[in-house]
Number of protein chains: 2
Amino acid sequence: MPSIQDVARLASVSTATASRALSRPDMVATGTRERVEAAAQQLGYQPNVLARSLRQKETRTIGLIVADILNPFHAMLAKGVQDAADQHGYTVFLFNSDEEPAKELRAMDTLRGHLPTGLIVAPTSGTRAHLKTLPDLPVVELDRVSGHAGSTTVTVDNLGGAITATRHLIELGHRRIGMIVGQQDISTAIDRHAGYRAALHDAQLPYDPTLVLPGHHREDDGYRAARQLLGRPAGTRPTALFIGNNEMTVGAVLAARELELDIPGDLSIVGFDDSRWAQTMSPPLTVISQPAYDLGRLACEHLINELGQPRPVTPARVQLPTELVVRHSTGPPAGDALSRAPRPHSVPPPHSR
Amino acid sequence: MPSIQDVARLASVSTATASRALSRPDMVATGTRERVEAAAQQLGYQPNVLARSLRQKETRTIGLIVADILNPFHAMLAKGVQDAADQHGYTVFLFNSDEEPAKELRAMDTLRGHLPTGLIVAPTSGTRAHLKTLPDLPVVELDRVSGHAGSTTVTVDNLGGAITATRHLIELGHRRIGMIVGQQDISTAIDRHAGYRAALHDAQLPYDPTLVLPGHHREDDGYRAARQLLGRPAGTRPTALFIGNNEMTVGAVLAARELELDIPGDLSIVGFDDSRWAQTMSPPLTVISQPAYDLGRLACEHLINELGQPRPVTPARVQLPTELVVRHSTGPPAGDALSRAPRPHSVPPPHSR
DNA sequence: GTGAAAGCGCTAACAC
DNA sequence: GTGTTAGCGCTTTCAC
């Protein structure tokens with residue numbers, strides 16, 4: 001790798017001039033600039049980011065910690081962050097916490113040594129404590145909030161989304177609506193749970209805690225919780241399910257299939273977060289959709305914007321709306337309008353394009 | 001951030017000794033070592049990776065360029081790479097090429113400035129040329145091969161997988177088997193196409209080029225190609241489709257649904273690459289499955305292993321097997337055993353767990 | 001076993 | 001406008 005010394009020598013200038021010519025062209029005579037540029041070009045010179053960062057104490061690097069890159073929602077968050085970072089000349093260090101606080105802490109330690117200019121994190125239950133190890137780093141929390149005082153947050157309206165989802169089921173005539181909820185130390189799970197309760201309350205329906213089962217956001221958790229809820233004797237079994245995240249929804253749908261329940265004839269399902277899977281599933285799933293890409297993009301842009309500024313006393317709170325997308329996994333409960341006889345799965349309607 | 005100077009001062013030693021105590025404990029007296037460790041602990045010292053890398057000319061960083069992190073297959077590759085890197089104390093810089101050679105080149109330029117210890121890349125059509133800009137960097141090509149002479153490659157047996165897939169359809173009685181094939185400047189697409197031809201040839205079936213449509217690996221390409229193939233008049237329309245990647249398979253399935261074709265009654269489908277979508281689709285899809293995680297893991301481990309060694313004349317070629325997973329999207333052609341009357345979609349069998 | 005000193009490649013003060 | 005020089009934080013000779 002040629003260094004700036006090589007470039008300077010070839011252009012017959014000092015390294016300082018070469019450096020200026022390349023990073024502050026206006027501080028240098030036109031002829032000199034051109035000579036330096038030609039030399040750099042000829043040698044295929046690429047500045048050593050390490051040396052520059054060490055000197056400037058500024059790496060133009062952003063740390064990103066998502067919970068699980070295999071989850072399409074998180075992959076989309078990452079994509080949004082990366083595209084925005086790219087556009088502003090920042091490089092992203094991506095880490096997975098796999099929802100494990102310990103892994104998240106390891107990622108932060110590694111990151112710390114790389115002196116990122118800022119950090120974007122989709123929090124786990126440990127994040128609030130872990131962020132204390134990075135006192136001077138600008139932090140944006142993405143999708144979930146940890147409670148750390150100094151973080152800017154970029155989230156969706158989880159409460160509103162959950163209310164809308166639950167209300168949709170209520171309006172269809174459901175009275176026994178189960179919920180599969182995420183870990184109660186994760187903000188999104190708490191908010192969605194609260195929304196569910198609020199919608200029931202608004203409709204003057206009782207909140208039955210036995211209809212609410214917890215999971216850890218994984219497909220398996222959704223499967224197990226659904227088996228348990230749907231295994232209840234007829235009459236106490238929920239006629240509809242609101243499920244707190246995308247992965248658990250998959251599990252719940254598989255459980256319903258295994259029990260040969262017709263969706264939505266025997267059971268209505270609303271998931272949180274849209275995906276191709278939800279769209280092409282049969283029947284296509286009614287969901288609360290989230291603007292995942294924009295969430296990631298905005299998190300990154302807010303972070304970069306804040307870098308110049310002094311730290312405000314109250315960090316920004318960005319909240320994006322969600323949207324109810326009604327497809328074919330929700331309908332009136334069986335007792336209402338339809339016979340309880342088992343029916344074949346309906347043919348899914350053509351995918352709209 | 002405390003520096004090693006701070007640690008040294010607190011432990012009343014020179015920076016040299018502090019450095020040794022932390023990275024080469026055996027070169028230092030036990031008492032000294034303990035004092036330094038205590039000081040480091042107390043200050044929350046984290047070595048500055050930039051300074052270390054600059055000095056050692058070795059960053060313990062691996063560049064990873066995948067085609068599309070939103071594609072679950074590529075996300076899984078990335079996960080495999082990252083887990084392995086993590087385990088060996090390496091940090092991964094992840095980039096997306098989005099299948100665009102220009103983006104790939106940009107990623108490589110950025111990467112170059114960060115002096116990665118090695119590079120893992122899922123090639124685009126431009127990779128072979130681009131790698132010439134990184135002459136001394138150990139490179140592992142992942143999933144696809146670019147033709148670059150110096151790269152170790154970690155791939156699956158695409159030829160064998162395609163032969164198996166096509167033979168499976170032939171054995172079911174299909175004679176008009178269409179293929180939707182990827183870009184013919186991507187090695188996997190070439191190999192899968194060749195496998196398809198080879199299997200036809202082995203069965204003494206003619207190769208009909210009008211039954212083979214190209215796509216650029218995207219869902220939309222699969223959709224369009226399938227519409228075209230399935231729009232042919234009955235009698236010349238293929239009774240089965242072998243599709244060259246996961247995304248295009250989604251598009252093809254949606255096209256078949258739109259045409260209200262029963263799968264597998266009217267049309268058998270085999271996809272390349274398994275996924276949760278393929279498993280939970282109705283009907284569950286017959287696929288050639290690939291060990292994506294292992295592919296990523298092995299790519300990383302090979303790269304790290306090679307770092308010490310001198311560059312061998314002939315780089316390693318690692319090839320992992322694929323596996324035919326027969327589910328319910330393949331069956332005998334309609335003319336053979338079943339009526340051509342439209343039938344309702346069959347109820348998908350319970351998901352095995 | 002430990003310390004002094006040099007230097008990785010770069011940029012920013014400071015001269016001129 | 002340009003050159004000289006110092007120094008970012010670290011590791012590594014080379015002395016002792």
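Throughout, a chain's letter reflects where its sequence line sits, starting with A, and its residues are numbered from 1.
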## Note on the structure
Per-nt protein contacts along nucleotides 9-16 of chain D (heavy atom under 4.0 Å; B base, S backbone sugar-phosphate only, - none) come out as BBBBB---
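Across all strands shown, T32(A) has heavy atoms under 4.0 Å from sugar-phosphate atoms exclusively, and none from any base.
E58(B) places no side-chain N or O within donor-acceptor distance of the main-chain N or O of T117(B), the cut-off being under 3.5 Å. Between the side chain of H217(A) and the main chain of Q183(A), a donor-acceptor pair closer than 3.5 Å is present.
Protein chain A contacts DNA chain C from dG9(C) to dA13(C), reading 5' to 3' and using non-hydrogen atoms of the protein with a distance under 4.0 Å.
Applying the side chain to side chain donor-acceptor pair (under 3.5 Å) test to D6(A) and every residue at least two apart in sequence or in another chain returns R9(A). N48(B) is linked by a side chain to side chain donor-acceptor pair (under 3.5 Å) to nothing, counting only residues two or more places apart in sequence or in another chain. For D98(B), the salt bridge (Lys or Arg N to Asp or Glu O under 4.0 Å) partners at least two apart in sequence or on another chain are K79(A), K103(B).
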### Message
For D109(A) and R106(A): C-alpha separation, side-chain torsions, deciding distance, then whether salt bridge (Lys or Arg N to Asp or Glu O under 4.0 Å) applies.
### Response
CA-CA 5 Å; D109(A) 280 343; R106(A) 272 197 58 199; over 6 Å; no
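Axis orientation changes by 40° from one end of the helix from dG1(C)-dC16(D) to dC16(C)-dG1(D) to the other, with each end axis drawn from 5 pairs and the value rounded to 10°.
With a 4.5 Å cut-off on side-chain heavy atoms, R311(B) and P138(B) count as touching.
Under the 3.5 Å distance criterion, with hydrogens and angles disregarded, a donor-acceptor pair is assigned to the side chains of E104(A) and H130(A).
For the residue pair A189(B) and G182(B), the shortest heavy atom distance occurs at CB-C, 3.5 Å.
A salt bridge links R218(B) to D68(B): one of the charged nitrogens lies within less than 4.0 Å of a carboxylate oxygen.
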